[in-house]
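Numbered from 1 within each chain, the chains take letters A, B, ... in sequence-line order.
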Amino acid sequence: MKRIRISRCAQQLLAQPSPRRPLCPCATVLQRNITPHNHRIQARFQTTAAIQNNEDLEIEIEEPSASEAIESTSRSSAPQRRRRMRLENLPSPHPSAASHSAKLSALRARLSLHQRFPLQTLARTLVHPSADPDPAFNNASLSILGANLLGYYTTEYLMCNYPRLPMSVIFAAQYAYVGPKALATVASEWGIEAAAEPGGEVDPGLLQFKRIKSGDDVPPALRRQAPWKWNVTTTHKIVATDEFGSNNAPPGPHSLSATAVPMEEAAQSFVRALIGALHLHLGSPLVKRFFRDHFLSRHLDISTLFDFRTPTRDLSRLCAREGFEAPVARLISETGRLSRHPVFVVGVYSGKDKLGEGAGSSLNEARVRAAAAALKAWYLYRPIEVTVPSSMEGELDTSKWKPNMVDCGEVIV
Amino acid sequence: MPLSAIRTVAKPQNGVGAFILQCRKLEFHYCDWAGSSRGMNAFIKSSLPSFAKRNPQIEISVSPRPRRHPVIRAHYINGNQRAICVRNLTNEGVREKAELLRDASGEKNKRVNKPVTSINESVRGIWSPFHGAKIQI
């Protein structure tokens with residue numbers, strides 16, 4: 001049996017409600033200052049300002065004119081013409097919208113950024129060049145600055161704390177801390193949401209970029225490219241490409257304007273641009289603290305990054321170079337040599353010093369593991385007291401500076 | 001090349017350096033007419049401004065949901081949502097539920113039966129039967 005709604009049942013007892021919708025345009029004027037009695041007509045209370053009428057969707061901009069240069073002398077004192085422009089016609093949100101965005105101020109509080117950091121700049125860091133090609137409104141320049149700062153702080157941390165790391169491991173560690181994938185993960189952990197489509201009417205707290213349509217290819221600049229030469233040297237990787245030892249240089253932020261990009265690319269550019277903007281607005285001490293809190297605090301076990309090919313040969317070269325006695329592998333203990341799963345524990349000794357130890361199911365495996373352990377022990381040396389170069393920036397008192405150890409480099413076979 | 005390296009991504013440890021609150025957004029839905037949302041309406045009128053001021057990292061939206069029970073829906077950084085129906089609760093009860101949602105991590109509830117979970121390796125090392133005083137070859 002169908003029930004009658006209670007709200008309807010007693011309706012005849014209530015006073016006649018005011019008409020829900022104005023019937024004629026004249027009635028609109030009369031209706032405006034009357035509070036609606038019907039419970040279905042309710043004012044919306046939101047932290048994000050609700051759009052009330054079409055006037056809010058427009059914004060006044062100064063109209064640029066081509067003949068301005070010629071006429072500038074004649075009408076220099078004349079007031080500039082202003083034109084009303086619809087927000088949908090803007091490629092990215094107007095900077096004035098940033099101060100009303102709940103998402104932006106929530107993001108600023110979530111990252112514990114200082115109140116001095118303006119929301120307008122935070123909104124600009126969220127605009128990828130693919131959404132807005134105008135360099136005055138997108139994050140391309142900020143992201144270049146931020147990428148350099150991130151690279152600088154990570155490199156100095158790694159090179160001062162692990163002075164003996166081989167170059168390829170430094171590259172991999174850089175990649176793990178501030179590589180493209182790491183930055184995209186960081187952005188998603190900060191709760192960055194992407195706008196479905198960039199535009200002037202979109203909330204400025206959303207990441208603005210032009211999405212790749214489903215079925216379309218990744219733009220050629222972001223595709224994997226053949227290296228420029230068949231033998232790419234380490235020097236070339238250091239000098240000519242990015243800080244992660246890639247074979248090719250990555251596309252510059254300005255070159256990606258007006259091409260559709262994947263979300264990871266836009267998220268990385270946001271994180272880099274945020275670092276750049278923080279540097280400009282709050283200064284380097286706060287950026288260093290931000291970097292330490294959000295990037296260096298991430299967990300990375302550098303000893304798992306090594307991938308040795310011939311550790312025994314490397315170790316004997318290392319011992320020859322450093323003037324140690326030649327390494328000798330000796331069996332420390334074993335069990336079940338004739339069984340299905342034997343275990344051998346082998347140590348690598350140089351004279352009377354044990355350099356490393358490893359366990360394996362064959363004598364050779366154990367010996368190789370022991371040599372790898374010895375090499376890791378050498379490469380992962382950490383000085384106890386370290387002063388990074390950036391900590392002395394702008395300091396006149398040089399007595400606090402302790403010179404860092406510079407190693408002669410990895411073993412070359 | 002005698003040595004190559006493996007590319008990985010460093011793992012996040014929320015709270016070790018910076019702490020990011022996992023609740024991203026709270027939506028408060030109320031009804032002006034129904035009696036079940038009397039407490040919710042009182043909460044929105046009296047306590048919500050101070051709640052929002054105390055938790056600036058959460059985006060808060062308030063919207064009507066006519067002729068339905070009042071609901072608080074939370075959105076988390078990992079993409080999950082969690083909703084609690086706060087019908088017939090008082091102002092205090094609604095505040096408690098809002099704080100419960102704010103403090104949740106957004107993960108599904110899991111049974112924790114190990115005293116310590118860590119990604120760091122043990123300081124004492126793993127016990128080995130081959131390293132002791134009695135071993136003789």
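Counting non-hydrogen atoms of other residues, nucleotides and ligands closer than 6.0 Å to CZ of Arg87(B) gives a total of 12 or fewer.
We find the OG-CZ distance between Ser4(B) and Phe306(A) to be 11.0 Å, quoted to the nearest 0.5 Å. Atom CD of residue Glu59(B) and atom CZ of residue Arg110(A) lie 8.0 Å apart, to the nearest 0.5 angstrom. Here the straight-line distance linking atom CD1 of Ile6(B) with atom CG of Asp307(A) works out to 4.5 Å at 0.5 Å rounding.
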TODO: Dump the intermediate steps for side-chain contact (heavy atoms from CB on, under 4.5 Å) on Leu111(A) and Gln57(B), then the final yes or no.
DONE: CA-CA 8 Å; Leu111(A) 298 181; Gln57(B) 57 276 74; over 6 Å; no

Task: CA sep, side-chain torsions, deciding dist, call: Val169(A), Leu3(B), side-chain contact (heavy atoms from CB on, under 4.5 Å) - done: CA-CA 9 Å; Val169(A) 180; Leu3(B) 170 70; 4.3 Å; yes

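Ranking Val343(A), Leu375(A), Leu305(A) against chain B, the residue ahead of the rest is Leu305(A), based on heavy-atom pairs under 4.5 Å. Of the listed residues (Phe295(A), Trp190(A), Phe171(A), Tyr177(A)), the one with the most heavy-atom contacts under 4.5 Å to chain B is Trp190(A). For the options Ile412(A), Thr335(A), Thr185(A), heavy-atom pairs under 4.5 Å to chain B are most numerous at Thr335(A). Top candidate by heavy-atom pairs under 4.5 Å with chain A, chosen from Arg7(B), Lys25(B), Glu27(B), His75(B), is Arg7(B). The candidate with the highest count of non-hydrogen atom pairs below 4.5 Å against chain B, out of Val413(A), Asp314(A), Ile170(A), is Asp314(A). Per-residue counts of heavy-atom pairs under 4.5 Å with chain A were compared for Ile20(B), Asn78(B), Ile58(B); the largest is that of Ile20(B). No other option in Ile44(B), Val16(B), Thr8(B) has as many heavy-atom pairs under 4.5 Å with chain A as Thr8(B).
Within the 4.5 angstrom heavy-atom criterion, only side-chain atoms of Glu121(B), from C-beta onward, approach chain A. When heavy atoms are compared at a cutoff of 4.5 Å, Val411(A) approaches chain B solely by way of its backbone atoms N, CA, C and O. Residue Tyr76(B) does not touch chain A at all, counting heavy-atom pairs closer than 4.5 Å. The contact between Leu21(B) and chain A is made entirely by backbone atoms, counting heavy-atom distances below 4.5 Å.
Contact of the His299(A) side chain with the Asn120(B) side chain is registered, since non-hydrogen atoms from C-beta on lie closer than 4.5 Å. Within the 4.5 Å cutoff, the side chain of Arg309(A) has no heavy atoms near those of the Pro2(B) side chain.
Across Arg298(A) and Pro12(B), no two heavy atoms sit closer than the pair NH1-CB, 3.7 Å.
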